[in-house]
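Only one structure is covered here, and it is reproduced in the block below.
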Amino acid sequence: MVIERARVVELRTISDPKGDLTPIEGGADVPFDIHRVYYTYHVPEGGTRGGHAHWVCREVIVAVSGSFEVVLDDGSTRSTYRLERPDRGLYVPSMIWRELEAFSVGAVCLVLASDHYDQADYIRDHGGFLEAVRSRR
Ligand code: TYD
């Protein structure tokens, strides 16, 4: 099977004297139909989120306010992305372990997801994730 890579996606910005507007349409601005949106905020200083991978769900993560880091692990390589712009998203394919950390005060992390919430789609054990990745290669 083809293992997709994570990538930064540039989002459109419509700027005028009233301010900036970034529209996100499923299948156009992000590479999937959007079935769920959630956002995290009020993350305590030094707090982390994530710590899991998805069997199927794909996501685009956007720092709509403030900044944070996303550490991605495809089972062999770890890459850190600093997100700090509301006009840029990080596309995270399925079967990629992610950890979010170094949140600035007031950071808001918006996530656009390809699927509805399904607890069964989560891999929350890193050892189990590595085994699953290796068995797919
Ligand atoms: P969790 O997966 O731990 O959040 P994160 O990956 O951002 O650290 O989810 C926290 C709680 O919220 C957990 O009880 C599951 C619930 N939840 C939903 O009900 N719906 C959702 O879409 C998400 C992402 C989480």
Side-chain angles (χ1 to χ4, degrees):
M1 73 172 282
V2 177
I3 297 177
E4 269 191 289
R5 288 181 182 279
R7 62 177 186 272
V8 171
V9 291
E10 302 291 337
L11 301 169
R12 295 180 282 148
T13 302
I14 300 162
S15 297
D16 64 29
K18 295 182 292 183
D20 296 335
L21 184 155
T22 294
I24 304 176
E25 297 192 18
D29 300 294
V30 297
F32 49 78
D33 288 336
I34 299 165
H35 285 96
R36 180 166 50 104
V37 174
Y38 64 93
Y39 43 98
T40 52
Y41 50 99
H42 296 167
V43 176
E45 193 180 349
T48 62
R49 302 216 52 128
H52 57 75
H54 289 286
W55 292 103
V56 172
C57 188
R58 297 173 285 157
E59 296 184 331
V60 168
I61 303 174
V62 184
V64 290
S65 185
S67 64
F68 49 86
E69 291 178 359
V70 184
V71 182
L72 299 183
D73 172 0
D74 65 5
S76 51
T77 306
R78 284 172 80 84
S79 309
T80 300
Y81 297 82
R82 180 169 180 76
L83 299 187
E84 55 191 353
R85 293 178 55 152
D87 60 353
R88 190 169 283 179
L90 178 62
Y91 172 59
V92 183
S94 54
M95 294 303 287
I96 300 282
W97 188 268
R98 87 289 314 275
E99 287 162 14
L100 284 72
E101 59 192 31
F103 285 83
S104 68
V105 173
V108 181
C109 169
L110 174 73
V111 182
L112 312 164
S114 64
D115 296 282
H116 291 285
Y117 179 70
D118 178 5
Q119 186 59 44
D121 188 50
Y122 281 72
I123 308 172
R124 292 193 182 273
D125 164 55
H126 192 256
F129 163 71
L130 293 177
E131 269 178 36
V133 168
R134 282 169 195 152
S135 71
R136 287 186 171 207
R137 281 192 175 136

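Counting starts at 1 for both ligands and their atoms, following the listed order. Every value quoted in this text rests on a predicted model; they were computed, and no experiment measured them.
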- Note on the structure: Residues pairing under salt bridge (charged side-chain N to carboxylate O under 4.0 Å, His left out) where one sits in residues 91-101, two or more places apart or in two chains, turn out to be E59-R98, R78-E99

Enumerate, atom names and distances included, each donor-acceptor pair closer than 3.5 Å involving a side-chain atom of residues 43-55, sequence neighbours excluded.
from : atom 1 : to   : atom 2 : distance (Å)
H54  : ND1    : D121 : OD2    : 3.1

- I24 side chain reached by I34 side chain, heavy atoms, under 4.5 Å: yes

- Minimum side-chain heavy-atom gap L83-R88 below 4.5 Å: no

Dump all N/O pairs between ligand 1 and the protein below 3.5 Å as a table: atom names plus distance, one pair per row.
from     : atom 1 : to   : atom 2 : distance (Å)
ligand 1 : 2 (O)  : R124 : NH2    : 3.0
ligand 1 : 4 (O)  : R49  : NH2    : 3.2
ligand 1 : 6 (O)  : G50  : N      : 3.4
ligand 1 : 6 (O)  : H52  : NE2    : 2.9
ligand 1 : 7 (O)  : R49  : NE     : 3.1
ligand 1 : 7 (O)  : R49  : NH2    : 3.4
ligand 1 : 8 (O)  : R49  : NE     : 3.1
ligand 1 : 8 (O)  : R49  : NH2    : 3.4
ligand 1 : 8 (O)  : G50  : N      : 2.9
ligand 1 : 22 (O) : R36  : NH1    : 2.6

- Task: Using the ring pair (Phe, Tyr, Trp, His ring centres under 6.0 Å) rule, collect all pairs that involve residues 89-109, keeping only residues at least two apart or in two chains.
- Result: F68-F103, W97-H126, W97-F129

- With L72 as partner, the option from T80, L90, I61 fulfilling side chain to side chain contact (heavy atoms under 4.5 Å, CB included) is L90

